[in-house]
Amino acid sequence: MSENITKESIIKEENCVYKRTNLLVDKALSYCPGCGHGTAHRLLMEVLEEMNIQSETIGIAPVGCAVLAYEFLDIDMQQAAHGRAPAVATAVKRLMPEKFVFTYQGDGDLAAIGTAETIHACNRGENITIIFINNGIYGMTGGQMAPTTLPGMKSSTSPYGREVETMGNPLKMTELVAQLPGTYYVTRQSVHTPGNVRKAKKALRKAMENQKLNKGLSFVEIVSNCNSGWKMTPVQSNKWMEENMFPFYPLGDIKVPVE
Amino acid sequence: MAKVKGEIVINIERCKGCVLCVAACNEQVIAMSKEVNGKGYHYAETVNENCTGCTNCAVLCPDGVITVYRVKI
Ligand SMILES: Cc1ncc(C[n+]2csc(CCOP(=O)(O)OP(=O)(O)O)c2C)c(N)n1
Ligand code: SF4
């Protein structure tokens, strides 16, 4: 290595290869340390920046930990009542079809209280993007069992683990909506390793690009950790997710457009 | 073979000490500080000069606190 390469000579604007996008407001995110919500927010904003559609995008925030998404994403946002984001997104997109419209929802929001809105928006084939953050529990309210909680998985309302006999089966929303004629692109991703982050970003890009085609709804599930709710460190929770969530929620495209 | 050298700058006041970046780095550049930041978190800091500017740590950081620079040498 040549001697004249100093730290100062490297740390210059022209050598910058990665920095936090300006489409995230310069505020500390409200998420717990290590939570995948922050990563998902950033990826989405990077996609909007690269597509240069910041001023043409309208996001619908959920109820859940991401309820404050509008505080962090520097785009037009509307917050919806619990689970109703796909209905609100439908209205926004139909009134302003030239806009890019997405919802950002947790599994309690999308797969429990909002099941009807989710399924019908998917079935109608609204030209919107649904981003579904699946961490297997209700994060914000203290880690209660969600429809997505795995069999045997502990939560604050299933302290001995989810017992399928009494508590029912977990719901694979993503596989379910893939069956509906209105969905155009359905995929499941994660943001727990650098490689997965890069793949998830590509999926989000495709999902937003699809809105230009008016061919239906794009649905991107991101399997995520809720280390606070799972009562683990972020590193442990990502490992737990690989070992337990992915066998049940396998990553990859579930429905891809036929050209 | 063209070689590269990288540097990272960590916004330590925004770091929440989640430790995800430590394992993301193949060159073991990052470790957690003994000191804490204003929020009481042990923050990420660089401990060697082996950064290649691969951006793995930065793309994984949920809080986007890492900026990456890279030059060809
Ligand atoms: C109508 C209504 N019912 C219940 C609640 C309470 N509540 C707030 S957040 C939440 C669950 C959110 O969980 P999830 O969608 O999985 O998001 P996460 O926090 O895990 O990201 C519930 C039930 C509410 N705010 N409004
Ligand atoms: S409670 Fe869970 S989902 Fe909510 S911010 Fe914390 S880690 Fe993320």
Side-chain angles (χ1 to χ4, degrees), chain A residues 1-43 45-46 72 190-201 224-225 227-228 232-239, chain B residues 1-27 29-33 36-73:
Chain A
M1 194 181 80
S2 62
E3 290 301 315
N4 52 9
I5 306 267
T6 60
K7 200 172 170 160
E8 291 67 34
S9 71
I10 301 174
I11 302 175
K12 281 185 186 152
E13 191 61 40
E14 65 264 31
N15 299 330
C16 184
V17 286
Y18 193 91
K19 71 178 203 322
R20 190 179 191 267
T21 165
N22 289 332
L23 270 64
L24 280 174
V25 174
D26 188 25
K27 271 185 190 169
L29 297 170
S30 54
Y31 305 109
C32 303
C35 174
H37 270 305
T39 320
H41 278 26
R42 181 165 42 79
L43 291 188
M45 289 304 106
E46 287 175 5
F72 309 121
S190 80
V191 291
H192 73 300
T193 69
N196 287 97
V197 169
R198 293 185 177 105
K199 278 192 204 156
K201 183 173 168 183
S224 185
N225 61 345
N227 37 278
S228 298
M232 296 174 197
T233 67
V235 173
Q236 283 169 341
S237 71
N238 281 344
K239 188 160 177 280
Chain B
M1 199 182 84
K3 279 186 124 191
V4 289
K5 172 125 187 66
E7 278 291 341
I8 57 171
V9 175
I10 300 165
N11 182 348
I12 60 173
E13 279 309 313
R14 283 286 169 84
C15 175
K16 294 177 182 166
C18 74
V19 197
L20 293 182
C21 55
V22 173
C25 177
N26 295 327
E27 311 294 331
V29 173
I30 308 172
M32 303 316 287
S33 65
V36 293
N37 64 15
K39 288 264 203 286
Y41 294 121
H42 295 283
Y43 49 85
E45 59 183 11
T46 58
V47 290
N48 67 37
E49 304 287 309
N50 301 340
C51 176
T52 60
C54 75
T55 74
N56 276 357
C57 57
V59 301
L60 192 61
C61 175
D63 290 276
V65 308
I66 305 176
T67 308
V68 186
Y69 300 86
R70 183 171 59 213
V71 291
K72 287 206 178 80
I73 52 172

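In what follows, every heavy atom counts, from backbone to side chain, and hydrogens, waters and symmetry copies are set aside. To find a chain, count down the sequence lines: A is the first, B the second, and so on, and within it residues start at 1.
Taking chain A as the reference chain and counting heavy-atom pairs below 4.5 Å, the highest number among T67(B), V68(B), V65(B) is found for V68(B). Of the listed residues T39(A), V197(A), I10(A), the one with more heavy-atom pairs under 4.5 angstrom with chain B than any other is I10(A). If you tally non-hydrogen atom pairs under 4.5 Å between each of K7(A), K19(A), H192(A) and chain B, the highest count goes to K7(A). When C32(A), P194(A), G38(A) are compared by the number of non-hydrogen pairs under 4.5 Å with chain B, P194(A) comes out ahead. Chain B forms the most heavy-atom pairs under 4.5 Å with one residue out of E46(A), R42(A), H37(A), and that residue is R42(A).
Within the 4.5 angstrom heavy-atom criterion, no atom of C21(B) approaches chain A. When heavy atoms are compared at a cutoff of 4.5 Å, R70(B) approaches chain A by way of both its backbone and its side chain. Neither the backbone nor the side chain of A23(B) has a heavy atom closer than 4.5 Å to any heavy atom of chain A. Neither the backbone nor the side chain of N227(A) comes within less than 4.5 Å of any heavy atom in chain B. For a residue to count as touching a neighbouring chain, one of its non-hydrogen atoms must lie under 4.5 Å from one of that chain's; by this rule K201(A) does not touch chain B. In this structure, the portions of V19(B) lying under 4.5 Å from any heavy atom of chain A include both its backbone and its side chain. Both the backbone and the side chain of C16(A) have a heavy atom closer than 4.5 Å to some heavy atom of chain B.
Atom CD in E7(B) sits 8.0 Å away from atom CD in E8(A) (nearest 0.5 Å). Atom-to-atom distance recorded for K72(B):NZ and I5(A):CD1 is 12.5 Å, nearest 0.5 angstrom. R14(B) contributes atom CZ, which lies 4.5 Å from atom CG of D26(A) (distance to the nearest 0.5 angstrom). With rounding to the nearest 0.5 angstrom, the SG atom of C61(B) is 9.0 Å from the CZ atom of R20(A). Note that OH of Y31(A) and SG of C18(B) are 15.0 Å apart. Values are rounded to the nearest 0.5 Å.
In this view, I12(B) and I10(B), Y43(B) satisfy the side chain to side chain contact (heavy atoms under 4.5 Å, CB included) rule, not counting sequence neighbours.
Side-chain contact between K16(B) and L29(A) is present, with at least one heavy-atom pair separated by less than 4.5 Å.
Enclosure of atom CD in E49(B) is not indicated, since only 12 or fewer non-hydrogen atoms of other residues, nucleotides or ligands lie within 6.0 angstrom.
Among all heavy-atom pairs drawn from Y18(A) and T55(B), the shortest one is CB-CG2, 3.8 Å.
Not one N or O on the side chain of R198(A) forms a donor-acceptor pair closer than 3.5 Å with the backbone of V59(B).
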